[in-house]
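Down below is the structure, laid out as structure tokens.
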Amino acid sequence: MSIPLNKYRNIGIAAHIDAGKTTVTERILFYTGVLHKVGEVHEGEATMDSMAQERERGITIQSAAITCFWKDYHINLIDTPGHVDFTIEVERSLRVLDGVVAVFAGVEGVQPQSETVWRQANRYKVPRIIFVNKLDRVGANFERVINDVNNKLKANAVPMQIQVGMSEDLSGIIDVLSRKMATFEGENGINVVWHEVPAEYADQVEKAYNRIVEAACDVDDKLADKFLNEEPITVEEIKEAIRKGTVNLKLVPAFCGTAFKNKGVQLMLDGVVDYLPAPTDVPPIEGTLPGTDKKIAIPSDPNGPFCALAFKIVTDPFVGVLNFIRVYSGELKAGSYVVNARTRSKERVSRLVRMHSNKREEIDSVRAGDIAAIIGVRDTITGDTLCDEKNLVLLESINVPAPVISTSVEPKSKTDYEKMVLSLRKMMQEDPSFQFTYDEETGQTVIRGMGELHLEIVVDRLKREHKVEVVQGKLQVAYKETIQKPSNAEGKYIKQSGGKGQYGHVWIKFEPLERGKGFLFENKVVGGSVPREFIAPVQKGLEEAKATGVLGGYPMVDFKAALYDGSYHDVDSSELAFKIAASMAFKEGISQASPVLLEPIMKVVVETPEEYMGDVMGDLNSRRGRILGMEAQMDKQEIAAEVPLGTMFGYATDLRSMTKGRAGYSMEFECYREVPKHVQDSIIEKK
């Protein structure tokens, strides 16, 4: 039986690490009938945590997709990681989802990674609802978390429920619109039993109801007119207005409960179908016609031309490479052909599968609104568009953060080298935020990632999954180089060796760009002093040369190179000669443009008991940290600072020892900044 598109929900569960996302997901799977036994994260049995490393650490590393059904709605669900090292998993999931359930812990409220996830959801304009979890813990408070969300995230969160009883006395949840109280009975709270609202909560319910009506009137003019004219308003009308406000990103309905104690998850699922959008509710996705800047809108239509985005690649030991796709338009059948709009290559989709975490269910076809995995395509990478050969279109790719940390890896036996490279290539295909290169100078294989944990997992997977024993080198910071002032440089390459010689001659102007702009090449040649066929080799020569800067051999960024003059020889000029001339001009010009080193700066948030505050701040200052602010959080102090990554190695151990294990911290990449001169000299000397 085909489910209509308006009854599809493509949603993600996202939050800070330890807010309880995976436990929430496990309960969703149990209540929707996918699981017949609840798997607990702390026991290493969570269905969505299928990797050995996830089960051991009790964290989510890879986003996992699963399909379930609630009432008569089809829900595609993605559980995303909370740890900042795996932020690419959240990024690519949000790129293809229509809605998000943002989970917050009832005690901690808004935490650093919650802010990152919220920003990512804002960037992709993803509607969301809130689930405040862990309300059974001492000090948990639904209303306080909502205020925290509204203040820190500038959200318009509207509580749709009231908790009955605090912390371990949490006994039920009041649904404000229906003015009924729910309790959760039977095995794992599977039966929702409705009761009258206790008398002592009547005033609170009235206030909460008025707050919801006000929020609904703010986003729906017809409802506002009814309210002003004192006409009766139905619950359905209020729900419709709240849904409209949620889809338009004007407000965020908030729900509460405790997944671990089996309270509130079914009501949150009702919120998913009531308020989060179907594929037909969100604006058509925009694409561009290949080779042009012309934008086209692609409506979510099962009868339209096929168009899908590959957002994740997983190597499966049984079936090979699985490409996860989100279908935006049309229908795809197993055994049919698609075209990769980036490479223009035609690929055959041999099989289609619907994923249930790490289990697969074979299906015959997928259509607009579906999230599924395809088997058989070879040259498709994360962010590629797959489409109908008669209707080529390129969808916006996925934003991939640049790695900030690196280390060398060497196989213990030389015979394992090829096996290691093959394994690293597979992991790079799966995870675009992970990279590896071979360093010609040192003869080492260098892996790069988003943090210590990221690289630790890569090395662990090499040993376990790919059976390659490796020796890991010292962790290194991914420094970059840039310039501070403009310069002009000449590059002249002349070689005579009997017969045909080589001749390439260029003049290039180098200028600094603002931070984050990368590299820009401009052709300003007039009068044909450098023939058109040699412009591209000049650009290529510069792009190859910028991989190793003049200070410490780090990549050059944030500069513009304008080719404005040069000369050529009718017989001896060649592409190679102009490429070499460009790299000569690069070395000369960059050396004259006041090159400086840039280092990754991390945003660090430390939660510490007040008595250790002085020690923690003193330590952060000694690491060249800049304190941004402090905030009291329950019985702890939260210190936010910007600290260079190069000074943060081993910080977890140092923080534990200075606070007797009572403080914790989180860290995420903020930006690249200039390294102070005395530090720069010592970094280059070590290099």
Side-chain angles (χ1 to χ4, degrees), residues 50-54 61-62 85-89 92 310-324 340 342-343 345 347 358 373 375-384 397-398 400-480 540 543-548 552-555 687:
S50 55
M51 289 171 67
Q53 294 86 348
E54 293 178 315
I61 292 167
Q62 288 190 339
D85 282 17
F86 310 107
T87 191
I88 180 66
E89 294 289 339
R92 59 182 168 191
F311 69 95
K312 182 176 167 67
I313 293 169
V314 174
T315 306
D316 187 289
F318 302 107
V319 296
V321 177
L322 283 168
N323 281 72
F324 282 78
N340 183 323
R342 178 181 61 87
T343 63
S345 60
E347 303 223 51
N358 62 335
I375 300 166
V377 294
R378 292 177 179 278
D379 300 322
T380 299
I381 59 171
T382 298
D384 277 356
S397 194
I398 290 164
V400 180
V404 294
I405 192 169
S406 65
T407 184
S408 63
V409 286
E410 298 298 323
K412 281 189 178 172
S413 74
K414 285 186 179 175
T415 53
D416 275 350
Y417 182 74
E418 277 184 30
K419 196 175 169 187
M420 180 186 82
V421 170
L422 195 67
S423 305
L424 289 173
R425 203 166 279 143
K426 278 181 185 172
M427 282 195 257
M428 193 159 92
Q429 191 185 26
E430 289 177 13
D431 178 1
S433 67
F434 165 71
Q435 295 171 5
F436 83 97
T437 51
Y438 180 73
D439 192 319
E440 297 279 354
E441 279 182 37
T442 61
Q444 288 179 317
T445 301
V446 178
I447 58 173
R448 297 182 171 84
M450 300 305 297
E452 287 182 67
L453 180 63
H454 192 188
L455 296 186
E456 191 185 310
I457 297 291
V458 166
V459 171
D460 197 24
R461 286 185 66 194
L462 274 177
K463 291 174 184 173
R464 289 201 210 187
E465 283 173 42
H466 302 281
K467 305 291 184 280
V468 181
E469 285 292 329
V470 293
V471 178
Q472 187 179 336
K474 199 176 166 195
L475 288 165
Q476 304 284 334
V477 177
Y479 293 106
K480 292 181 180 178
K540 197 166 183 207
E543 281 178 346
E544 285 178 12
K546 77 181 178 67
T548 47
Y554 298 107
K687 175 86 173 175

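Heads up: numbering here begins at 1 and tracks the sequence.
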- prompt: Atom CD in Gln444, atom OG1 in Thr407: separation rounded to 0.5 Å?
  reply: 8.5 Å

- prompt: Taking all atoms of both residues into account, what is the closest heavy-atom pair of Arg425 and Phe436, and its distance?
  reply: N-CE2, 3.6 Å

message: Do Val459 and Ile447 have side chains that approach each other closer than 4.5 Å (heavy atoms only, starting at C-beta)?
response: yes

message: Return the CZ to CZ distance between Arg448 and Phe434, rounded to the nearest 0.5 Å.
response: 10.0 Å

- prompt: Between Gln472 and Leu475, which heavy-atom pair has the shortest distance, and what is it?
  reply: NE2-CD2, 4.1 Å

- prompt: Closest heavy-atom contact between Thr380 and Ala310?
  reply: CG2-CB, 3.7 Å

- request: Would you check if Leu424 and Met420 make a side-chain contact, meaning some heavy-atom pair closer than 4.5 Å?
  value: yes

message: Looking only at side-chain N and O atoms, does Arg461 offer a donor or acceptor that is under 3.5 Å from a partner on Ser423?
response: no

- prompt: Is Lys412 salt-bridged to Asp416, cutoff N-O under 4.0 Å?
  reply: no

message: Tell me the closest heavy-atom pair linking Pro403 and Ala478, and the distance in Å.
response: O-CB, 3.8 Å

query: Between CG of Leu462 and NZ of Lys426, what distance do you get to the nearest 0.5 Å?
result: 11.5 Å

task: Please tell me if the side chains of His454 and Ser433 come closer than 4.5 Å, counting only heavy atoms from C-beta onward.
output: yes

message: Could you walk me through whether Val446 and Gln476 satisfy the side chain to side chain contact (heavy atoms under 4.5 Å, CB included) test, starting with their C-alpha distance in whole Å, then the side-chain angles of each, then the deciding distance to 0.1 Å, before giving a yes or no?
response: CA-CA 10 Å; Val446 178; Gln476 304 284 334; over 6 Å; no

message: Donor-acceptor check, side chain of Glu347 to backbone of Asp379, threshold 3.5 angstrom: yes or no?
response: yes

query: Above 12 or not: heavy atoms from other molecules or residues under 6.0 Å from CD of Glu418?
result: no

message: With a 4.5 Å cut-off on side-chain heavy atoms, are Ile375 and Leu322 touching?
response: yes

task: With rounding to the nearest 0.5 Å, note down the distance linking NE2 in His466 to NZ in Lys419.
output: 10.0 Å

query: For the residue pair Tyr479 and Tyr554, what are the closest heavy atoms and their distance?
result: O-CB, 3.5 Å

